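Comments concern the structure below.
Below, each value reflects all heavy atoms present in this structure, side chains not excepted, and no hydrogens, waters or symmetry copies. Computed from a predicted structure; not experimentally measured. When a ligand or atom number is given, it counts from 1 through the structure's own listing order.
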Amino acid sequence: MIQRIKAKITGRVQGVGFRPTIFRYANFMGLLGGVKNTSAGVEVEVQGENAIVERFFMKIKESPPPQARIDHITFEELPVTNMPPFSINQSLPSAEPSLVFPPDLALCDQCRVEIETPSNRRYRYEFTNCTNCGPRFTIIRDLPYDRAFTSMSVFSQCQECESEYSDPMDRRFDAQPNACPNCGPKLVLVDASGNVQNGDPLLESARLLAAGAIVAIKGLGGYHLACDALKPEVIAQLRTRKNRPHKPLAVMFASIDQIESNCQVTENIRRELSLPSLPIVICRRLPASLLPDLLSPDTPDVGVMLPYTPLHHLLLAEISPLVMTSGNFSEEPIVRDETELKRILGPVADYALCHNRPILRTCDDSVIKTSDFGNVVIRRARGYVPDVCQLPLDGPSILACGGDLKNTFCLTRGRQAWVSQHLGNISDYASFLAYQHQVTDWKSLLEINPRYLAYDMHPDYHSSRWAQTLGQTGLPVQHHHAHIAAVMAEHGLQEKVIGVAWDGSGYGLDQTLWGGEFLIASYHGFLRAGHLKPLPLPGGEQAILHPARMAVSYLFDLLGSDWGTQVHNSLPSLTSYEKEHLTALLQSAYPFPVTSSAGRLFDAVAALLGFDHTLTYEGQAAVRLQALAEQSEKSLYSFEISQNGKSRILDFKPMLHELLRDLKTHDDRARMAMRFHRTLAGAISRMCVILAAEHHLDRVVLSGGVFQNDLLLGLVRTELVQNGLQVFHPRLFPANDGGLSLGQAVIALAAIANPATTHPQRTVPCA
Ligand code: ZN
Ligand code: ZN
Ligand code: FE
């Protein structure tokens, strides 16, 4: 029997060769009809023998193009008619856009072979791409995804490119960034004054890098700063110029073999490095590695990546490995175009390798950490954004503004949520402007006009203040509630959970700084069921930068005002005057801010174990402590859980007492650091077991920046599972504040869906 079917397919179905694949299947099966892009996805109409039509749709589902992802297919039967042979038709806009378009994809194997083959017309062409690879997110101006709406619209294709582009049987059919040396973008090398350099720009850059120059290189989502990764003196210069004294720098290697001779490469790491997302992957350096310690002075781990554009492949073939770090001054937005390039060309970079394909939006490299219990995203950007997250709740469109550090924002439509690329610290003025620009850009790209806003409760966050000036109904969301809700949304959890939110700090309902929280949480609200014992932050912000100050706070709490006579020779970064002064202020009950932050506990212990200089990036003390911990230690320090009204207090005073005793009797700091990690895991697990019994719950969600420490995460997971609890932790969205916006969005949806249980102005405790 002859049948005519119209199917609407949504998901990641544009810019990935979906229509030509469908065309080939239909042609092969002798079906009539056509396929076209709409701004909602792809629409197919076929007519033929019903068994064949059925087989056709099976084939699409079973073997879509490699980079495609089908989220949903709807079928509609139509009356049989006189249909033309199968063809690919013009794109149509749709009334209800729900489009998922692809992220930027790493160079595919076929294109790589082409640029390495002397007889190929794309031999050594730095902007080679096809339907399976190349830029997408960073070149799209508007949807549907068509060359006219991309930054490639300024290049008109030569005849050869045009014929590839319009041939459904060609790998470059409808490949929007399609280009060749005759018609596409070109490289140019300039010096610090902007003078164009002679010679092949790529080979000349390689020569300068080998001679010790710092070169800004225009990539997919912005400029990188590159230098020879084996030259400590150049790396030191880059660190000074970029104002990034200690934070790890990523390294790009020409091949996986080169990575393997410098780092431990597990199966997990190998898999990540073979994906088209091709992120930076954190690896353990081998003792024999040639990489200087200066790349990541606080830890034996280093972030590595492989070339992901043709330009990278050709450059790294000349010189490898290279430091490839974001092209910016620390905390500023990444440089995107040649006007912004002036900020770093000269002050940081000696030369710049530029090209004339405009980058329409910045997108940093993503960072992944692999582990035995699954890989986790630490920074989510290139290769992941703009992938959609399906939400467990429906409702009006929301803009969730995120936090001020490691910022991302989130836009929703129905059950779909788009979390923006990592934007970093937005408290700097230039970054804050870039943030506002990105929000506007995403709103117009996705055609979302949010009805409600969600933002962090912190009264001083730039993102929150800005949200309140927009004149729309807004919902302030508690920081740690958002951390937990984000993980619940990622895993599609509907029921109440025990949420362990441990991080640096977030604004609490009682106006103190929270950060060592145990919440009984649903999307609708939470109960603060337990937390670390709150202690003063001597000097507020100063105490966050100087771990030694936090150590004084802990020692004062443990030993009182004469702690100095009992703990000798510790905290050398503080003068004796500073120690006395801080102690006197603590004794006089000076109104320092108070915090229950777990991050500050890490700081205090790190300071006592000898790491007490000023921090230069968030989480540095914790990174040092983790690196110090030696796995052989099995014993735990003591801790106390007490009850205070409805809440339980976790107090590590006994631990500190034993740790000071350890410091007096031996100097095995690695064992102490490991014992500290085990103690935290034991304490978290004990608290969760108590709360699970009390609240009849068996699911635990772990989130907050502290859980980026995979040693702690692994220990906690093991303990909780041994106690019969189910554990969920962030995978696709970061555990740090990069995950906040997703949590804020889903909490806002819950509040709107059920206003009776949620006060409109705050996240209230749930019953
Ligand atoms: Zn390709
Ligand atoms: Zn061409
Ligand atoms: Fe946080």
Original post:
Only one of Gln708, Arg379, Lys406 forms a side chain to side chain donor-acceptor pair (under 3.5 Å) with Asn736, so which one is it?
Top reply: Gln708
Original post:
Looking at the Fe ion (ligand 3), which N/O/S atom of Asp503 is the nearest one?
Top reply: OD2
Original post:
Closest N/O/S atom of Asp737 to the Fe ion (ligand 3), by atom name?
Top reply: OD1
Subject >> Any donor-acceptor pair under 3.5 Å from Asp146 side chain to Phe149 backbone >> reply: no
Subject >> SG (Cys111) to the Zn ion (ligand 1) to SG (Cys108) angle, given to the nearest 10 degrees >> reply: 110°
Subject >> Tyr125 and Phe127 aromatic centres sub-6.0 Å >> reply: yes
Subject >> Centroid separation Tyr455 to Trp466 less than 6.0 Å >> reply: no
Subject >> Polar contact flag, side-chain donor to acceptor under 3.5 angstrom, Tyr165-Gln176 >> reply: yes
Subject >> Opening angle between SG in Cys180 and SG in Cys158, taken at the Zn ion (ligand 2), to 10 degrees >> reply: 100°
Original post:
Do any N/O/S atoms of His480 come under 2.8 Å of the Fe ion (ligand 3)?
Top reply: no
